[in-house]
Amino acid sequence: MKPTDIKNPEYFHKVVDCQYACPSHTPVPQYIRLIAAERYSEAYMVNWESNVFPGVLGRTCDRPCEPACRRGRVEEKPVAICRLKRVAADNKDEVKQYMPAGPFAPNGKKIALIGGGPASLTVARDLSPLGYEIHLFDEHKKGGGMMRSQIPSFRLPEEVLDEEVGYILDMGVHTHFNKYVSSLKEIIEDGYNAIFVGTGAPRGRDLASLPGRQEGKSNIHIGIEWLASVAFEHIHKIGKKVIVLGGGNTAMDCCRTARRMGGEEVKVIVRSPFTEMKASPWEIEDAIHEDIPILENHVPKEFVIENGKLKGMLFDKVHAVYDEDGKRSLVPTAEPPVFVEADDVLVAIGQENSFPWIERDLGLEFDKWNMPVVDKTTHQSTVSHIFFGGDAAFGPKNIITSVAQGHAAAVSIDLFCSGEDVHVRPSPVTNLVSQKMGIHEWSYDNYISNDFRFVVPQADKSITLKNLKKEVELGFDVESAFKEAQRCLNCDVQTVFDFKRCIECDACMDICPTSCITFTTNGDESDLRTRLKAPSNNINQDLYVSEALPTTRVMVKDEDMCLHCGLCAERCPTAAWDMQKFSYITSKPGYSWQAV
Amino acid sequence: MTYLRPTFKHPDLPKNSLGYTFKDYEGGLSTLCAGCGHDSISAAIVEACFRQNIAPHKVAKLSGIGCSSKTPTYFLGNSHGFNSVHGRMPSVATGASLVNQDLMYFGVSGDGDSASIGMGQFVHAVRRNINMVYIVMNNGCYGLTKGQDSATADVGSKSKAGSVNIFQPIDFAGLALELGAGFVAQSFSGDKTQLIPLIEAAMNYKGFAFINVISPCVTFNNNVGSTKAYDYVRQHIDATGTIDFVPTHNEIVADYKEGTQTNIKMHDGSYLQFNKLDTDWNPLERDSSFAALQKARNSQEILTGLIYFEQNPTDLNTMLNTTNEKPLHQFSANELSPGSAKLAEVNDDFR
Ligand SMILES: Cc1cc2nc3c(=O)[nH]c(=O)nc-3n(C[C@H](O)[C@H](O)[C@H](O)COP(=O)(O)OP(=O)(O)OC[C@H]3O[C@@H](n4cnc5c(N)ncnc54)[C@H](O)[C@@H]3O)c2cc1C
Ligand SMILES: Cc1ncc(C[n+]2csc(CCOP(=O)(O)OP(=O)(O)O)c2C)c(N)n1
Ligand code: SF4
Ligand code: SF4
Ligand code: SF4
Ligand SMILES: [Mg+2]
């Protein structure tokens with residue numbers, strides 16, 4: 001293999017598994033260390049710069065970082081990255097003082113943001129300090145989008161959302177709430193320099209053709225519409241027996257909300273096997289904990305109506321069969337249809353985009369799925385000054401993805417408004433700094449904790465089920481937060497090798513607790529992977545290969561299992577290894593706040 | 001400084017026939033200087049024991065005093081051990097091998113421990129042919145006492161302080177050959193590919209198996225002008241070729257060019273596959289080995305590999321006709337203390 005080019009920031013970026021997996025590349029280990037040091041405000045700001053909603057995300061994020069976490073490879077469970085973020089938000093002091101504060105000198109450019117969800121709010125935050133005049137439109141009475149209308153307050157208290165939406169709106173954003181934009185043409189005609197569409201994926205799928213759907217309609221609700229009505233307090237109760245159809249996170253929010261609205265026998269019923277449910281494991285766990293049974297392999301057959309009133313539903317039982325390619329089909333069993341009684345049914349079987357308010361004669365192209373044609377990197381549509389981001393751009397995902405897309409779109413909008421090429425993307429801001437403090441002393445805590453993942457305590461369900469607004473999770477207290485933070489392996493503290501110093505004494509190879517380092521003759525990657533000190537089967541993790549050493553061998557380090565413990569560097573007599581902290585911050589438009 | 005080694009290990013480490021990974025043969029975290037050759041030798045012993053599927057409780061580590069003699073703390077943490085006084089490891093080994101022939105004995109010593117204060121002990125261990133692996137971690141100095149020249153320092157070798165050694169070095173391999181050792185090898189701590197199979201072969205040798213390992217002292221004897229420094233050794237090393245240890249159950253594939261490879265059969269049926277580079281020297285003949293050592297010495301080269309191999313080994317217990325003795329620890333209390341009547345009987349014999 002060729003020597004690894006560690007000057008390319010993408011190499012070390014990939015080693016920081018969590019940060020790499022985070023759509024907006026939050027510097028996770030950095031904020032976890034700050035939490036361990038009880039520097040909560042700084043930890044909050046590190047988050048805020050990258051993901052804009054630390055308090056919200058510390059409770060609700062889909063956490064793509066956690067399955068990626070290295071700790072999950074060397075031990076059983078990843079670090080509780082998400083819930084540590086909440087610790088920063090819960091324990092911070094006044095943070096507004098660290099944020100850009102208006103009024104900002106106007107730059108004469110006017111931007112419209114349609115939709116007030118996380119994507120639009122991110123664009124607003126990134127562009128306001130540059131002097132853009134931002135106009136944000138949303139049909140609801142407050143900002144936040146689905147974070148407000150969909151995520152129940154027992155998972156995300158309103159104050160937390162208000163605070164973080166407030167930080168952005170207070171930067172001088174012109175809000176137009178309770179305003180549904182019914183014509184893009186009108187907005188275009190208002191002469192904005194750029195328009196950002198962040199209207200989400202607002203339409204819930206229905207089972208329109210299922211027998212009984214029409215007759216039972218007063219007791220059959222579309223999940224996301226029902227959740228919004230609950231959130232905006234248009235609805236206050238539901239029947240005692242409730243069926244929730246669907247196995248995703250929306251279904252989990254529906255069933256748990258129903259339990260708090262008077263539902264006593266709430267059942268989740270899914271078509272697929274339980275193990276294939278789309279909802280996050282922790283959401284399923286929470287639903288089960290609230291005494292909600294989940295019936296698998298039940299395909300809806302009809303709504304049963306008696307005397308014009310919904311009585312329940314019939315389901316066909318199926319089982320999953322997989323072909324050679326692993327493709328699943330649900331095959332009916334011979335059993336008779338199953339009847340499940342219900343006063344109300346919540347249909348939570350997916351969400352769709354819909355753009356009834358966009359005229360189709362504006363030059364804005366739509367594809368065959370009726371989705372706008374949008375560039376994946378620049379977020380530009382086929383009309384040069386109109387950009388899309390969040391769920392509106394590429395279908396429903398989650399908050400953190402919307403934030404990441406908001407950042408990317410903001411970069412494009414700024415480039416576009418400055419007359420520059422939106423395809424020339426600014427590079428990330430990176431740095432690599434030695435952590436050496438003394439002969440065997442590092443400025444990070446290189447001790448490897450053996451603790452297993454700590455569990456976030458919850459309020460008792462005798463309380464939470466009675467109060468829709470009572471937050472279920474209590475959050476880590478600072479002591480468990482410290483211990484959980486110590487489980488982090490500091491993957492951003494990189495092992496940096498200087499081949500010119502190495503005397504090939506093997507000390508690093510011998511000491512490495514997880515057998516990452518091998519000195520051997522060079523070869524191509526697949527060959528090298530068979531000759532390393534420990535099996536090297538995870539090809540998603542890179543091999544770090546040095547230039548040829550005096551004996552003609554090379555140093556090969558498999559990044560897969562490295563604990564970043566620094567023992568290699570401590571054992572090296574010539575400091576050929578050094579532990580260096582790598583920081584990587586994706587560029588924001590025009591500037592970057594290097595959070596403390 | 002990290003005094004605790006993380007307990008995590010690579011989850012997919014291979015296991016040997018006893019179900020152990022090499023980690024199970026490790027010991028405590030070394031307190032030797034970073035980069036010390038001795039640590040590499042410890043790692044080679046760990047790997048050899050892992051490959052040989054030896055049960056840790058079937059091994060005893062014996063040593064004297066010195067950085068080298070400290071290493072048994074850093075490998076085979078689940079084995080027996082005896083850290084004796086300076087230069088006295090051979091006596092302990094002699095006693096141990098007489099009273100318990102079931103254990104595998106690793107004697108670990110230094111050039112100071114074996115060629116200065118323990119020289120008298122060392123030579124007798126060789127001539128008595130104790131069934132053990134005797135490893136000298138040879139750094140040409142007394143590392144533990146701050147790097148004074150040892151008796152294996154070469155004439156002209158310069159110390160870190162700049163003084164030049166004027167005395168003739170003791171050549172361990174030559175001495176061991178002279179005194180009748182059946183297995184004599186030399187190696188370098190920085191060449192595990194060679195060292196590990198040599199240790200494996202030594203472990204399987206019934207009789208005195210001696211390995212002199214050049215092992216740089218990074219702190220006191222790794223300077224320019226020292227003949228035991230990493231750079232010097234790498235430049236002057238003359239490997240006799242690769243050696244592979246082939247366990248009993250593995251068939252030898254006779255696919256080699258005549259004269260370039262010798263398969264040496266061990267007493268237990270395993271083989272040493274020995275690739276000779278130097279065709280005019282035969283490790284199965286003592287004279288030839290002597291000549292090779294002498295030649296290397298004249299040309300200031302360090303001959304490494306298996307120097308000499310006696311195909312019909314013997315050992316102390318065989319020579320004393322005590323091979324059937326049961327280990328002392330298997331005697332019952334009554335056998336060990338047969339009572340006053342027996343004592344009186346014994347005493348009567350001497351009257
Ligand atoms: C029940 C449920 C639970 C969820 N839970 C989580 C979770 O726990 N974690 C997570 O990360 N994600 C979750 N999500 C997904 C997440 O809420 C969305 O992916 C995210 O909010 C999308 O952000 P956005 O900025 O693209 O748009 P949205 O948040 O969808 O915001 C768009 C806003 O635009 C408004 N709007 C639409 N059209 C117009 C118009 N023409 N004029 C004016 N206003 C308009 C909408 O009413 C809405 O307020 C959940 C989704 C649902 C449905
Ligand atoms: C009886 C006695 N004499 C002297 C010493 C001091 N002493 C300790 S280690 C040592 C030399 C060790 O040299 P070597 O065996 O080469 O070990 P190294 O440290 O070089 O590995 C000496 C002289 C001692 N411990 N005991
Ligand atoms: S930091 Fe060094 S010693 Fe520690 S696990 Fe990584 S490579 Fe091994
Ligand atoms: S410890 Fe340092 S000098 Fe020794 S092999 Fe490793 S990198 Fe090279
Ligand atoms: S003094 Fe020399 S022999 Fe002793 S531990 Fe240090 S490097 Fe090794
Ligand atoms: Mg010595």
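All values reported here derive from a predicted model rather than from experimental measurement. So that the names make sense, note that chain A is the first sequence line, chain B the second, and so on, each numbered from 1.
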Would you compute the distance between atom CG of A:D510 and atom NZ of B:K192 and round it to the nearest 0.5 angstrom?
3.5 Å

Shortest non-hydrogen contact from B:R5 toward A:L567
CG-CD1, 4.1 Å

Counting neighbours of CD on A:E10 that are heavy atoms of other residues, nucleotides or ligands and sit closer than 6.0 Å, is the number greater than 12?
yes

Just how far is it from atom CG of A:D506 to atom CG of B:L195, taken to the nearest 0.5 Å?
10.5 Å

B:R234 side chain reached by A:E504 side chain, heavy atoms, under 4.5 Å
yes

Applying a strict 4.5 Å limit to non-hydrogen atoms, the region of A:C508 in contact with chain B is neither

Here the gap from B:D39 atom CG to A:I511 atom CD1, rounded to the nearest 0.5 Å, amounts to 7.0 Å

In terms of heavy-atom proximity below 4.5 Å to chain B, should A:S449 be classed as side chain, backbone, both, or neither?
backbone

Chain B contact via A:L563 - side chain, backbone, both or neither, heavy atoms under 4.5 Å
side chain

Does CG belonging to B:L18 count more than 12 external heavy atoms closer than 6.0 Å?
yes

Beyond-backbone contact of A:M561 with B:P11, side-chain heavy atoms, under 4.5 angstrom
yes

Name the region of B:Y230, side chain, backbone, both or neither, that has any atom closer than 4.5 Å to a heavy atom of chain A.
side chain

Take atom CD in B:E301; do more than 12 heavy atoms of anything else shown fall under 6.0 Å from it?
yes

If you measure from CZ on B:F8 to SG on A:C565, what distance do you get to the nearest 0.5 Å?
11.5 Å

Any side-chain heavy-atom pair of A:I503 and B:V218 under 4.5 Å:
yes

How far apart are the closest heavy atoms of A:P535 and B:P14, and which atoms are they?
CD-CD, 3.9 Å

With a 3.5 Å distance limit and no angle check, can you tell me whether B:K23 reaches the backbone of A:P513 through a side-chain donor-acceptor pair?
yes

Honestly, the part of B:D231 sitting under 4.5 Å from a heavy atom of chain A is neither

Please determine whether a side-chain nitrogen of the Lys or Arg among A:R73 and B:D12 lies less than 4.0 Å from a carboxylate oxygen of the Asp or Glu.
no

State the CE-OG distance between A:M509 and B:S40, to the nearest 0.5 angstrom.
7.5 Å

CD1 (B:I237) and OG1 (A:T551) are apart, to the nearest 0.5 Å, by 11.0 Å

Name the region of B:C36, side chain, backbone, both or neither, that has any atom closer than 4.5 Å to a heavy atom of chain A.
neither

Look only at the side chain of B:S189 and the backbone of A:C505, and say whether a donor-acceptor pair between them is shorter than 3.5 Å.
no

